[in-house]
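Input: a single structure, listed below in structure tokens.
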Amino acid sequence: MINITFPDGSRREFEQGVTALDAASSIGSRLKKATLAAEIDGERRDAFAPIGKDCTLKLLTFEDEGGRWAYRHTASHMLAQAVKRLYPGTKLAIGPAIENGFYYDFDTEHTFAPEDLALIEKEIEKIEKEELAVSRFELPREEAIAYVEKRGEPYKAELIRDLPEDAVISFYQQGEFVDLCAGPHADNTGKVKNIKLMSLAGAYWRGSEKNKMLQRIYGTAFEKRAALDEYLTRIEEAKKRDHRKLGRELGLFMVADEGPGFPFFLPKGMVLKNTLIECWREAHKRYGYVEISTPIILSRQLWERSGHWDHYKNNMYTTVIDEADYSIKPMNCPGGMLVYKAEPHSYRDLPLRMAELGLVHRHELSGALHGLFRVRCFTQDDAHIFMTWEQMKDEIVSTVRLFDEMYSLFGLKYKIELSTMPENHMGEKETWDFATETLKQAICETGKPFEINEGDGAFYGPKLDFHLEDSIGRTWQCGTIQLDMQMPERFELEYIGADGERHRPVMIHRALFGSIERFIGVITEHFAGAFPTWLAPVQVKVLAMTDRNQTAAENVARELEKYNVRVERDFRNEKIGFKIREAQMQKIPYMLIVGDKEEEGGVVAVRSRKKGDVGTMPLAGFIRQINDEILTRARD
RNA sequence: GCCAACGUAGCUCAGUUGGUAGAGCAGCGCAUUCGUAAUGCGCAGGUCCAGGGUUCGAGUCCCUGUGUUGGCUCCA
């Protein structure tokens with residue numbers, strides 16, 4: 001017999017090997033509604049897990065993450081069960097719970113159409129009403145393989161064959177449906193409600209493009225109806241702030257069929273871009289950078305020397321000039337190397353921080369293109385820092401500080417990821433280890449949390465990636481700090497040390513926004529198009545009440561322009577409500593309304609896009625106020 | 001690149017079982033001169049993504065290409 005302690009402190013004796021589920025449900029109604037992963041001595045386990053010794057036991061409820069995981073995983077099994085019923089002969093691949101729901105991959109002759117989803121949802125509802133008990137059983141390896149093969153599931157057989165020798169091979173069954181699965185699960189399909197199928201997609205078996213493309217159905221499920229509705233509303237809200245939609249509505253940028261993946265910046269988008277760059281230049285000046293610009297087209301020999309011709313050729317656009325091969329640059333570094341090499345350097349020059357807003361072109365797969373988030377032509381806010389090994393750590397620390405300062409300016413949250421040596425790397429493992437260790441130390445010094453992404457570094461060195469979070473919670477890799485141990489070697493960079501000898505510098509390759517274009521996409525969604533005043537393409541719209549007030553309104557506009565405020569005029573013969581509506585939809589921070597009353601009183605009526613009508617004030621007062629807001633780069 | 005869906009006026013979208021196109025908004029004109037999110041009337045606007053095919057006849061059906069969207073893969 002063993003003793004199990006429950007969350008309320010109560011204790012009971014059970015036979016050895018009792019399942020967590022049985023143990024918990026035996027103590028009555030308090031836990032009856034609970035589902036279904038279990039926490040045994042603080043460790044998350046399957047609710048069907050047999051318990052062999054004294055322990056504390058808590059069943060994770062729907063509200064707990066573990067329960068939600070089990071809940072959605074069971075929903076994914078119900079989806080598979082429904083599909084098997086409706087389309088017999090369908091082969092099952094995998095169907096996990098994921099962050100916002102679950103999916104299941106199928107291999108079937110039938111091509112799913114959007115209409116099918118409603119049909120499948122109905123069948124899932126039936127399965128829920130049938131209240132099928134979920135049970136678990138285990139089979140030895142060979143039997144398990146024979147079992148799934150008999151059931152016509154070759155993908156499952158492949159999965160079992162790849163499991164480690166000593167793995168426990170478990171199956172979960174609900175009604176006629178059986179699936180290879182480690183669990184945990186809800187104990188009854190009747191408990192899993194509010195399942196909604198979201199979308200169809202293709203997905204390669206085991207994520208490799210060499211394998212067959214399967215059909216994936218995405219869905220989500222929530223314990224409470226209200227939570228599902230809230231989630232669906234959130235998706236709708238996110239759609240409203242899609243930067244592609246806002247980009248068109250606000251006249252920021254466009255992408256034409258004539259140039260897939262090559263964005264056009266419109267006048268207002270250009271103001272935004274230039275303002276951003278101005279801010280960037282100012283910060284880099286403070287952090288001791290110089291700025292350069294290198295050519296867009298450079299010879300094949302250069303790309304061979306840098307290693308890009310070997311490692312990156314598939315993504316490079318090439319051209320021929322006077323019968324010689326050239327490439328349009330996909331990265332700025334080789335050009336930067338040439339600048340460094342153009343003159344000799346002393347240790348006194350280091351660290352040398354050389355920034356470049358470089359326009360790069362990369363041939364991205366057509367299916368990967370996405371507004372400004374993924375394009376084929378973008379401006380990298382690049383910089384190369386040449387330094388000694390001793391200076392490396394401090395340089396990284398200061399770079400992380402610069403990044404933090406800039407991201408905070410926009411109120412953006414970010415995550416840092418450390419990527420280590422990949423398979424196709426260049427250079428010695430010892431150098432890699434040293435560089436990776438230095439990166440780790442530097443980031444620890446800044447006190448920022450980070451995650452490690454094994455084997456995801458660039459071929460020339462380990463890197464720190466900064467992932468910014470957008471409005472829907474998607475993360476986008478923007479900033480990056482990459483140690484480059486290869487370029488200085490390949491280009492034979494040197495500096496003369498205090499000892500009078502030649503030494504090889506080490507290099508950091510870094511980008512803060514990553515891509516100006518992507519960053520603009522991210523902040524467009526982040527602010528839902530309502531940019532802070534300092535960034536807004538139009539900061540003030542001057543509205544004349546009637547034709548009589550045009551001259552006075554024009555004077556107001558000119559006065560604002562004297563102070564470099566970005567002004568737009570609306571002197572049209574329209575009702576004031578209509579003009580306000582348009583300015584409001586354009587998300588212009590301030591509207592100044594000039595009518596007879598304002599003219600008489602020598603004031604302007606101020607309307608803020610956020611607070612609405614804020615009353616009248618003298619123009620000079622408004623200018624002082626907005627100037628302060630712009631200079632401090634305030635967020636509203 | 002792969003899987004799927006889609007492509008009709010500047011934008012958002014209708015367009016029945018094939019019988020050569022419509023609405024709202026935007027634009028332009030006229031009237032109106034108005035007080036904090038839509039004044040009224042009128043006019044104009046389309047190689048129905050492109051190219052083939054089926055048909056007496058194609059926006060509608062088929063094929064190919066292209067672009068977009070959602071994913072996969074890849075990535076700033």
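Throughout, protein chains are lettered first and strands after them, A, B, ... in sequence-line order, and every chain is numbered starting at 1.
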Under 4.0 Å, heavy atoms only, any strand: does A:M591 hit a base, just the sugar-phosphate, or nothing? nothing
Could you tell me the Watson-Crick or G-U partner of B:G42, where both distances fall under 3.5 Å? Say none if there is no partner. B:C28
Please report, rounded to the nearest Å, how far the P atom of B:G71 is from the CZ atom of A:R216. 11 Å
Distance, P atom - from B:C63 to B:A21, rounded to whole angstrom: 26 Å
Can you measure A:N453 atom CG to B:C74 atom C1' for me and round it to whole angstrom units? 14 Å
Span that lies between the C1' atom of B:C48 and that of B:C2, in whole angstrom: 30 Å
A:F262 CZ to B:U68 C1', in whole Å, measures 16 Å
Does a donor on one side chain and an acceptor on the other come within less than 3.5 Å for A:H110 and A:D116? yes
What protein N or O atoms touch nucleotides 59-61 of chain B N or O atoms at under 3.5 angstrom, if any, and at what distances?
none

Any base atoms under 4.0 Å from A:Q477, or only sugar-phosphate, or nothing? Heavy atoms, all strands. sugar-phosphate
Do the ring centers of A:Y87 and A:F106 come within less than 6.0 Å of each other? no
When all nucleic acid strands are considered with a 4.0 Å heavy-atom cut-off, which category describes A:V360: base, sugar-phosphate, or nothing? nothing
Review item, nucleotides 9-15 of chain B N/O atoms under 3.5 Å of protein N/O:
| from | atom 1 | to | atom 2 | distance (Å) |
| --- | --- | --- | --- | --- |
| B:U12 | OP1 | A:R248 | NH2 | 3.2 |

Regarding A:K579, tell me which of base, sugar-phosphate or nothing describes its non-hydrogen contacts under 4.0 Å with the strands shown. nothing
If the threshold is 4.0 Å, N to carboxylate O, is there a salt bridge linking A:E600 and A:K597? no
May I ask you to verify if any side-chain N or O of A:R548 is less than 4.0 angstrom from the OP1 or OP2 atom of B:C34? yes
Would you call A:E158-A:K212 a salt bridge at under 4.0 Å N-O? no
What's the gap between B:G35 and B:G40 when it is taken at their P atoms, as a whole Å value? 16 Å
Remember a base hit wins even if backbone is also touched, and classify A:E598 as base, sugar-phosphate or nothing at under 4.0 Å, heavy atoms. base
Can you name the atoms? Protein N/O to nucleotides 38-41 of chain B N/O, anything below 3.5 Å, with the distance.
| from | atom 1 | to | atom 2 | distance (Å) |
| --- | --- | --- | --- | --- |
| B:A38 | N7 | A:R581 | NH1 | 3.0 |
| B:A38 | N6 | A:R581 | NH2 | 2.6 |
| B:A38 | N1 | A:R581 | NH2 | 3.0 |

B:U69 phosphate, OP1 or OP2, under 4.0 Å from A:R244 side-chain N/O: yes
Could you tell me how far apart A:I516 (CD1) and B:A76 (C1') are, to the nearest whole angstrom? 11 Å
Taking only distance into account, with no hydrogens and no angle test, what donor-acceptor pairs under 3.5 Å do side-chain atoms of residues 575-583 of chain A form with protein atoms, sequence neighbours excluded?
| from | atom 1 | to | atom 2 | distance (Å) |
| --- | --- | --- | --- | --- |
| A:K579 | NZ | A:A544 | O | 2.7 |
| A:K579 | NZ | A:D570 | O | 3.3 |
| A:K579 | NZ | A:R572 | O | 2.6 |
| A:E582 | OE1 | A:R572 | NH2 | 2.7 |

For the side chain of A:L365, counting heavy atoms from C-beta on, which of B:G67, B:G1, B:C72 is nearest? B:G1
If we call it a pair only when both distances are under 3.5 Å in a Watson-Crick or G-U wobble match, what pairs with B:U33? none
B:A14 and B:C30, which share atom name C1', separated by this distance in whole Å: 30 Å
Over all strands shown, is A:E517 touching base, sugar-phosphate only, or nothing at heavy-atom distances under 4.0 angstrom? nothing
Salt bridge (charged side-chain N to carboxylate O under 4.0 Å, His left out), that's the test. Do A:R234 and A:E237 meet it? Break it down for me. CA-CA 5 Å; A:R234 215 173 70 217; A:E237 285 301 315; over 6 Å; no
What contact category does A:G207 fall into here, base, sugar-phosphate, or nothing, at under 4.0 angstrom with non-hydrogen atoms? sugar-phosphate
Paired with A:R353, the side chain to side chain donor-acceptor pair (under 3.5 Å) test is passed by just one of A:E395, A:H384, A:E291, namely A:E395
Using a 4.0 Å heavy-atom cut-off across all strands, classify A:K463 as base, sugar-phosphate, or nothing. sugar-phosphate
Do A:R362's NZ or CZ and the ring of A:Y317 fall within the cation-pi criteria of under 6.0 Å and 45°? no
P atoms of B:U12 and B:G52, separation to the nearest Å: 29 Å
For A:Y103, is the NZ or CZ atom of A:R216 found under 6.0 angstrom from the centre of its six-membered ring and inside 45 degrees of the ring axis? yes
Which part of the nucleic acid does A:Y103 contact within heavy-atom distance under 4.0 Å: base, sugar-phosphate only, or nothing? nothing
Please report the distance, rounded to the nearest Å, between CG in A:D596 and P in B:U33. 13 Å
What does B:G18 pair with, Watson-Crick or G-U, if both distances are under 3.5 Å? none
Whole angstrom is fine here: how far is it from NE2 in A:H370 over to C1' in B:G70? 10 Å
B:G57 pairs with which nucleotide, Watson-Crick or G-U wobble, both distances below 3.5 Å? none
Pairing check on B:G67: which nucleotide meets the Watson-Crick or G-U wobble criteria with it, both distances under 3.5 Å? B:C6
Using a heavy-atom cut-off of under 4.0 Å over every strand shown, decide if A:A583 touches base, sugar-phosphate, or nothing. nothing
Residues passing the salt bridge (Lys or Arg N to Asp or Glu O under 4.0 Å) test with A:E568, sequence neighbours excluded, are A:K268, A:K541
Between the protein and nucleotides 2-7 of chain B, which nitrogen or oxygen pairs are less than 3.5 angstrom apart?
| from | atom 1 | to | atom 2 | distance (Å) |
| --- | --- | --- | --- | --- |
| B:C3 | O2 | A:G202 | N | 3.2 |

Paired with B:C72: which nucleotide, if any, by Watson-Crick or G-U wobble criteria at under 3.5 Å for both distances? B:G1
Separation of atom NZ in A:K597 from atom C1' in B:C34, rounded to whole Å: 12 Å
Quick check: A:F622 with A:Y590 (ring centres under 6.0 Å apart)? yes
Base, sugar-phosphate, or nothing for A:I576, non-hydrogen atoms under 4.0 angstrom? sugar-phosphate
